[in-house]
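All remarks here apply to the structure that follows.
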2 protein chains.
Amino acid sequence: MADAPFVARPATPLAHRVPDLGALELLLAVARLGSLGRAARELGITQPAASSRIRAMERLLGVALVDRSPRGSRLTDAGSLVTDWARRVVEAAEAFDAGAQALRGRRDSRLRVAASMTIAEYLLPGWLIALHRARPDTAVSLQAGNSAAVAGRVLAHQADLGFVEGSEAPEGLDSAVIGHDRLLVIAAPGHPWARRRGPLDARELAATPLILREPGSGTRQVLDAGLAPYGGVAEPLLELASTTALKAAAVSGAGPCVLSELAVGEELAARRLVRVAVEGVRLRRDLRAVWPAGTRPAGPARDLLSLIHGALD
Amino acid sequence: MADAPFVARPATPLAHRVPDLGALELLLAVARLGSLGRAARELGITQPAASSRIRAMERLLGVALVDRSPRGSRLTDAGSLVTDWARRVVEAAEAFDAGAQALRGRRDSRLRVAASMTIAEYLLPGWLIALHRARPDTAVSLQAGNSAAVAGRVLAHQADLGFVEGSEAPEGLDSAVIGHDRLLVIAAPGHPWARRRGPLDARELAATPLILREPGSGTRQVLDAGLAPYGGVAEPLLELASTTALKAAAVSGAGPCVLSELAVGEELAARRLVRVAVEGVRLRRDLRAVWPAGTRPAGPARDLLSLIHGALD
DNA sequence: TGGGGTCATAACCTGGACTTATGGCCGATG
DNA sequence: CATCGGCCATAAGTCCAGGTTATGACCCCA
């Protein structure tokens, strides 16, 4: 007890308590197809392999997942709950895969994309999954960097399409707004601001010490600009280097923070963090697709844009 | 080509293209601790094992992830992008684990929870992760069912705490509102409703064929009640059995649908689906914690409630 | 010039996941 | 009613990924 670690960590790592991706994928296939054998065939393995894998998963979880019968297998109640959780893991893995595939950056890729970190991190994987479904043979490569780097790559024709955050298109590039990124004021559910009736006043926000990214970061710049009329942001409560650290600090109740809605969608849905409404300040920037001025995205670039934008007018 | 499957599936399953959970966990540990050896120690493996695993992952992804130096390892640019994607996979796996642990339902569990399907599926895993961090030795068991089943279990003292959706507490139970579940009108980004300027009128919503759950489902009941003043819901465009099927149909552009905000948080954040504002109709139900009337949650039940509610007044 | 930290390489071991081959069960069909 | 064709389970054998120990190279610092 004297030398217990500061944060208690489970003795066995996560990987030993959670079935591997193959097993989860198999479970989803069984749920969808209603038979171990068909699921096995879809994944390119044999029926006994599938049977044994599902059985191993049931042993690991200590719960029966599927009801076997001589004419197929259906999920048990517990099984369908587990399957829904499994689906979220698999979807995250698909996003990982889509991003990683692009990151591999083979020279012969037919579509080279350059994107800002935030877009590359949160948005691009989903787009690439959709693109892959629509055009399975389109290979994409990805280069991530700040806005200037993205603009440079597109101008130098090292990328066919770029994605940046910003209110205006960089010099020499045409652009289309494909969405918006709002900065949200975020607090832990226990924080007084989480219980407010009305929206927060911009003046009050400016006067309150917040948990923020370091100066020079994109979100910090937008916040500084937005609050300039009210005297600028107060001395920060904490300055942290990563979005993740920011969220962790906010969840643990260190104080309110400000960050992109893209980064906290999940936490808001799970109610680990709550949004605080603010009025009188504009904390919004456009998300833009950019390409060399005078040209018009064609081929795979156009495919990707139309997927993102619904239809590019 | 003649016998190509209807939907093109990748030749190799996802599990062969994505590192397994152990490797992702290891990568996160390296990112956090700044050294392969320390990360290895934290996961209870040896340093050569960690070295080889990271190397294998780099080979698989075709990208250098960490910069090795004689005094530690830092992530490369690509590495930090990959790490962020990995973090989302690991978080989904943690939620899976939290849910699965509870589902195992050991008899000696100190806290027995009964929850509606929607809450069990989307909210409970996150709560259990938080509870586990705060009280590592609290064992939880979970039983999922509809509102009546949950109420029955709590009344019969087969569960210490229940969670249901509904505007009022079931007979014989005391309750606290712990949140709200809005039904959202959802459309694919390409749908005309996604481009509307103003909010949709309730009359218009009632008159439009939608993709819906089958009659009798919780969300369907709320929708029926909300739209009753406007003549009730129109004949559905499609009736599907699962939330997942609903989302898939909406994403593929079959039409607008209505479902719980809990179920579409991720799709909204990724902009695969967009929310359509509606006015003049109340599509909101309370999320309630329930316990036997006259008693007061104590011990682990109280811990869980205060985590959820910030503080239980 | 050791001593502590880093990481890499080599040789070996083991368990889990795959394979093929087989058998039992059920329902539909002639 | 017999048979066929789907389903699943079991058994025996192969193979490799990931683990181990042992060792060496590198760098920094006292």
Side-chain angles (χ1 to χ4, degrees), chain A residues 11-76 79 86 90 93, chain B residues 11-76 79 86 90 93:
Chain A
T12 69
L14 195 57
H16 293 173
R17 289 174 296 146
V18 176
D20 63 37
L21 282 171
L24 300 182
E25 223 179 341
L26 176 61
L27 180 62
L28 294 187
V30 171
R32 187 156 37 85
L33 300 173
S35 141
L36 293 191
R38 266 199 291 272
R41 233 167 298 141
E42 176 169 277
L43 299 197
I45 61 177
T46 58
Q47 170 266 320
S51 176
S52 129
R53 255 196 133 166
I54 295 283
R55 184 167 297 283
M57 184 161 33
E58 289 177 320
R59 208 173 48 236
L60 180 67
L61 302 182
V63 171
L65 299 175
V66 305
D67 255 343
R68 290 110 164 131
S69 89
R71 29 183 233 293
S73 296
R74 296 226 74 75
L75 294 178
T76 62
V90 170
Chain B
T12 70
L14 193 56
H16 293 173
R17 289 174 295 143
V18 176
D20 63 39
L21 282 170
L24 300 183
E25 224 179 340
L26 175 62
L27 181 62
L28 295 187
V30 171
R32 185 155 39 84
L33 301 172
S35 139
L36 293 192
R38 267 199 290 272
R41 234 167 298 142
E42 175 169 279
L43 298 197
I45 61 177
T46 57
Q47 171 266 321
S51 176
S52 129
R53 255 193 134 170
I54 295 282
R55 184 167 297 283
M57 184 161 34
E58 289 177 319
R59 209 174 47 238
L60 180 67
L61 301 182
V63 172
L65 299 175
V66 304
D67 255 343
R68 289 108 164 132
S69 90
R71 28 181 234 291
S73 295
R74 296 225 73 77
L75 295 177
T76 62
V90 170

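Just so it is clear: chains get the letters A, B, ... in the order the sequence lines come, proteins before strands, and each one is counted from 1. As the structure is a computational prediction, the values presented were derived from the model and not from experiment.
Within residues 22-29 of chain A, no residue is approached by DNA chain C to less than 4.0 Å at the level of any non-hydrogen atom. Listed by residue number, A/S51, A/R55 are the residues of residues 51-60 of chain A with a heavy-atom contact under 4.0 Å to DNA chain D.
To the nearest angstrom, C1' of D/dG5 lies 14 Å from CD of A/Q47. The NE2 atom of B/H16 sits 11 Å away from the P atom of D/dG18 (whole-angstrom rounding). Going from atom CG of A/L21 over to atom P of C/dA17 covers 13 Å, rounded to whole Å.
In this model, the phosphate group of D/dC7 is not approached by any side-chain N or O of A/R68 to a distance below 4.0 Å at OP1 or OP2. A/S69 has no side-chain polar atom (N or O) that falls below the 4.0 Å cut-off from OP1 or OP2 of D/dC8. OP1 or OP2 of D/dG6 has not a single side-chain nitrogen or oxygen of A/R38 nearer than 4.0 Å. The side chain of A/R41 places an N or O atom within less than 4.0 Å of a non-bridging phosphate oxygen (OP1 or OP2) of D/dC7.
Counting non-hydrogen atoms under 4.0 angstrom, A/T46 reaches a base of the nucleic acid.
Side-chain contact check for B/V66 versus B/M57: every heavy-atom pair is 4.5 Å or farther apart.
Once rounded to the nearest 0.5 Å, the distance linking CG of B/L33 with CG of B/L26 reads 10.0 Å. In this structure, OG on A/S69 lies 9.5 Å from CZ on A/R74, to the nearest 0.5 angstrom.
Nearest to the side chain of B/S35, among C/dC7, D/dA11, D/dC8, sits C/dC7.
A residue-by-residue look at B/R71 and B/I45 shows that B/I45 has its nearest nucleotide of DNA chain D further toward the 5' end. In this structure, A/D20 and A/P70 both approach DNA chain C, and ranking their closest nucleotides by distance from the 5' end singles out A/D20.
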